[in-house]
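To start, the structure under review is shown below, and the notes come after it.
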Amino acid sequence: MSILEELHWRGAVNQQTDEDGLKELIAEKEIALYCGVDPTGDSMHIGHLIPFMILKRFQLAGHKPVILIGGATGSIGDPSGRTSERTLQTMEQINQNAEKLKVQMKKLFNAGEGEAIRLVNNHDWLKDLSLIDFLREYGKEFNINTMLAKDVVASRLDSGISFTEFTYQIIQSIDFLHLYQQEDVQLQIGGADQWGNITAGLDLIRKKEGPQAKAFGLTIPLLLKADGTKFGKSAEGGVWLDPEKTSPYEFYQFWLNQDDRDVIKYLKYFTFLSQAEIEALEEKVATEPHKREAQRTLAQEMTRFVHSQAALDEAELISQALFSGNIQELTADQIEQGFQHVPSSTAPREERNLVEFLVDVTKIEPSRRQAREDIKNGAIRIKGTQIKDVDHIVSAADSFDDRFIIVKKGKKKYFLVQLEG
RNA sequence: GGAGGGAUAGCGAAGUGGUCAAACGCAGCGGACUGUAAAUCCGUUCCUUCGGGUUCGUAGGUUCAAAUCCUACUCCCUCCA
């Protein structure tokens, strides 16, 4: 199965330019290709991951991927997928973010065996481009009518778009041209909302390099959940790759809890499992869904890839203890080792009313009213024991060795409270 | 510049002097069922020391009583120029 056939099987192709041409090119040589991300935040979330997983697949198929960090484009603001103007971030902020993303990318794609994926930052070649050069060299190649017709721009014409964001497609086009010329990059991939930017780049390459220039674009479909909502948001917000923002335990739990209807789609999209392995899991979902083997495999693959085998082991240990073991049998040492990455807080080592403990000390509950309601409903468990008494006093007896308190709220939310002082 | 319409809890949207802490839907939270799934059902969602306190764009005013009436201001939409 060729890489393109594989991508189709994985459901990872939305649109592509000159399908046959790209097929031919890939058949005859190893190509270089790229995908970019703008440093608008200090960490990627799982939605960002998709196109880079595809870069990785190309690499495994023998091609040469380039990851672009958009230090320059990030300072302009991509209007794609937005209904309103972005607020500009400071250059310091963007540089800091770019640095963090670089570290994250290296950890994900340059670790372990095999050739490293090349990392570039478009700030390097765009920072010294003068306004006059920009206008004479590139601006002349862009027709305003074409630019206005791009979906991203057209949809913003009513609500307004600044010249800065309007110009974004030119900047991204320069990137593609630059990489085509300097790194022999012939393919750009991106999310479905990048189609306009990618084709703008192709137009620029053709104008500068002649109509015979071989460059292609491929976009990935927007990933939706079975219920029609956007993929990648948990109840608490986005699912981040940074373990400080989303702990490996929470990350593992996110994947483990996926809907039966979605899990195979995600296995295809996110993991490097083979067609045979995924089809076997698909069979399992159909015949013995209660075992949730597909979800477990997905959670394992993703946690191992994004974090590490050690993080996965820990996440599974915690999950095991919390959901199928007897919490009371754990020792304080086991908790210390294994539970550091459950959402946690600290509290002084003193006796306290349960409501105050939940609201004031640990912030597990947002208000006294809510805390009382949950306690009365039997939603609160401490050390595995349901507590329905609003006047309960939290004391050493509720802790593990006077060091940790484990609170469960609802069916599956756990909190670790470390006692100190 | 002129004429209208609008701003209500996280979002959408009722309400046009007391019975309004404010219908209803979505989202959220909790519970039941279950497989840490989906669907469904039930409860609940401003705060509270449970006495009460503070809310309906902002600031004033009328009234025993205002989300509801009046005045000014801010922002948004439609039409005319």
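Proteins come first, then strands; the chains are lettered A, B, ... in the order of their sequence lines, and each starts at number 1.
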Give [X] one of three labels, base, sugar-phosphate or nothing, depending on what nucleic acid heavy atoms sit under 4.0 Å from its own.
X        : answer
A/Asp260 : base
A/Asn257 : base
A/Gln295 : base

Protein-nucleotide distance ([X], atom [atom1]; [N], atom [atom2]), rounded to Å:
X        : N     : atom1 : atom2 : result
A/Glu373 : B/C29 : CD    : C1'   : 7 Å
A/Lys411 : B/G30 : NZ    : C1'   : 10 Å
A/Lys388 : B/G43 : NZ    : P     : 17 Å
A/Ile380 : B/G30 : CD1   : C1'   : 10 Å
A/Glu356 : B/C47 : CD    : P     : 17 Å
A/Arg372 : B/U49 : CZ    : C1'   : 9 Å
A/Ile375 : B/U44 : CD1   : P     : 18 Å
A/Asp259 : B/A39 : CG    : P     : 7 Å

(request) By nearest nucleotide on RNA chain B, pick out whichever of A/Leu256 and A/Ala379 is the more 5' one. (result) A/Ala379
(request) Starting from the 5' end of RNA chain B, give me the residue, A/Pro366 or A/Asp227, whose nearest nucleotide shows up first. (result)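 Its nearest nucleotide lies further toward 5', so the answer is A/Asp227.
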Polar side chain donor-acceptor pair, [X] to [Y], under 3.5 angstrom:
X        : Y        : result
A/Asp260 : A/Gln295 : yes
A/Glu92  : A/Gln96  : no
A/Asp313 : A/Gln309 : yes

Can you check the distance between [N] and [M], where both ends of the measurement are the [atom1] atom (answer in whole Å)?
N     : M     : atom1 : answer
B/A14 : B/C24 : P     : 15 Å
B/C20 : B/U71 : P     : 28 Å
B/A67 : B/C56 : C1'   : 5 Å
B/G4  : B/U54 : P     : 38 Å
B/A65 : B/C73 : C1'   : 26 Å
B/G60 : B/A13 : P     : 29 Å
B/G61 : B/G12 : P     : 31 Å
B/A23 : B/U34 : P     : 34 Å

When both hydrogen-bonding distances must be under 3.5 Å and the geometry is Watson-Crick or G-U wobble, what is [N] paired with, if anything?
N     : answer
B/U71 : B/A59
B/C41 : B/G31
B/U78 : B/A3
B/C64 : B/G18

(request) Would you please name every residue forming a side chain to side chain contact (heavy atoms under 4.5 Å, CB included) with A/Leu119, sequence neighbours left out? (result) A/Ile67, A/Ile69, A/Lys102, A/Met105, A/Lys106
(message) Can you confirm if the NZ or CZ of A/Lys56 lies within 45° of the ring axis of A/Phe109 and under 6.0 Å from the centre of its six-membered ring?
(response) no
Would you say [X] places a side-chain N or O within less than 4.0 Å of OP1 or OP2 belonging to [N]?
X        : N     : result
A/Lys412 : B/A37 : yes
A/Lys413 : B/G30 : yes
A/Arg292 : B/G35 : no
A/Arg369 : B/U48 : no

(request) Measure from the side-chain heavy atoms of A/Arg368 and tell me the nearest of B/C29, B/U48, B/G35. (result)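 From the listed options, B/U48 comes nearest.
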(message) Nearest to the side chain of A/Ser319, heavy atoms from C-beta on, is which of B/U49, B/U36, B/U34?
(response) B/U36
(request) Taking syn as within 90° of 0 and anti otherwise, name the glycosidic form of B/G51. (result) syn
(message) If you go through the side-chain atoms of A/Asn377, does one of them form a donor-acceptor pair with the base of B/G43 closer than 3.5 Å?
(response)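 It does not, because no donor-acceptor pair links the side chain of A/Asn377 to the base of B/G43 below 3.5 Å.
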(request) Determine whether any donor atom in the side chain of A/Gln253 lies under 3.5 Å from an acceptor atom in the base of B/U36, or the reverse, and answer yes or no. (result)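 Indeed there is one.
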(message) Using side-chain heavy atoms (C-beta onward) and a distance below 4.5 Å, is A/Asp401 in contact with A/Thr331?
(response) no
(message) Would you say NZ of A/Lys291 has more than 12 non-hydrogen atoms from neighbouring residues, nucleotides or ligands within 6.0 angstrom?
(response)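 Counting other residues, nucleotides and ligands, NZ of A/Lys291 stays at 12 neighbours or fewer.
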(request) Look at the side chain of A/Lys150 and the backbone N and O of A/Gly196, then say whether any donor-acceptor pair between them is shorter than 3.5 Å. (result)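 The answer is yes, because a donor-acceptor pair under 3.5 Å joins these two groups.
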